[in-house]
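Written below as structure tokens is the structure these notes are about.
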Amino acid sequence: MELEELKEKWKILSDEVANQKLITHKILEKAVNDKVKTMVSDAHYVGGFGIIIMLGFLIWVSLLQNLPYKSFLLVILIFSIVWGVWECYFETNNLKKFIDTSLSLCEREYYFMKHRRYIKRATIFILLIFVPLTALWLIIFQIDTGVPLWWAVIRLIIILPPVYFGINHSRDKMKKIEDSFKEYKEFMEDNQ
């Protein structure tokens with residue numbers, strides 16, 4: 001009789017452990033998916049907002065007839081709009097694959113790492129190409145229009161904090177996702 005009771009209690013405890021593992025799995029998976037969804041949503045909103053600003057600026061520049069270095073600025077704006085559309089709609093689809101539970105853990109990790117490499121390349125592009133070209137345009141435009149150079153420097157200083165905070169925000173989100181993914185991956189490896 002005692003053996004039957006012990007078997008029954010063991011079965012109950014085993015079922016509880018299995019249920020607890022399933023609950024922990026779902027919680028970890030939801031945490032990762034929520035962070036990725038938030039990042040995708042942020043990328044869509046920020047990208048969409050940036051595209052609208054750049055389109056507005058592009059229309060404004062196109063309507064001005066006597067703007068010095070107009071073609072230089074138009075090239076920067078068009079390239080920025082194309083890059084914004086790419087990031088906002090196409091590159092975030094890569095990140096969405098990371099939360100696709102039909103993919104294996106290795107495939108999901110691949111898409112996450114691919115997106116992480118993209119973020120690094122985008123950061124390098126912003127810091128080494130976009131900001132210097134914008135600074136060059138601001139300084140040359142200000143000098144040609146007779147406005148003091150210090151005004152161009154103030155405009156450049158106004159541009160830099162949003163760039164810095166945007167890059168930092170993206171890096172923080174990627175780190176949180178990476179930490180959640182490692183925790184999830186460790187749990188999956190421990191329970192296989």
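Given the structure is predicted, the values throughout are model-derived calculations rather than measurements. We're numbering straight along the sequence, starting at 1. Only this structure's heavy atoms are used, side chains among them; waters, hydrogens and symmetry mates stay out.
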Open item on the list: Between Ser14 (side chain only) and Trp10 (backbone N and O only), is there a donor and an acceptor less than 3.5 Å apart?
Closed with: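 Side chain of Ser14 to backbone of Trp10, a donor-acceptor pair under 3.5 Å: no, none is there.
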
Open item on the list: Do the side chains of Glu186 and Lys182 get close enough for a salt bridge, i.e. N-O under 4.0 angstrom?
Closed with: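 Salt bridge: no.
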
- [ ] Look up atom NZ in Lys120 and atom CZ in Arg171, then write down how far apart they are to the nearest 0.5 Å.
- [x]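 It is 10.0 Å, given to the nearest 0.5 Å.
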
TODO: Working to the nearest 0.5 Å, report the span between CD of Gln20 and CG of Leu13.
DONE: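 Here the rounded value is 12.5 Å.
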
- [ ] For the pair Lys114 and Arg117, evaluate side-chain contact (heavy atoms from CB on, under 4.5 Å) and give the outcome as yes or no after the intermediate values.
- [x] CA-CA 5 Å; Lys114 185 177 175 184; Arg117 285 190 302 272; 3.8 Å; yes

- [ ] In sequence, state the C-alpha distance, the side-chain angles, and the governing distance for Asp172 and Lys176, and then conclude on salt bridge (Lys or Arg N to Asp or Glu O under 4.0 Å).
- [x] CA-CA 6 Å; Asp172 289 346; Lys176 287 178 183 176; over 6 Å; no

Open item on the list: Would you say that more than 12 heavy atoms from the other residues, nucleotides or ligands in this model lie under 6.0 Å from the OH of Tyr164, or not?
Closed with: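 Not buried by this count: 12 neighbours or fewer within 6.0 Å.
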
Open item on the list: Does any part of the side chain of Lys11, heavy atoms only, come nearer than 4.5 Å to the side chain of Lys7, both counted from C-beta?
Closed with: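 Result no, sub-4.5 Å side-chain heavy-atom pair not found.
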
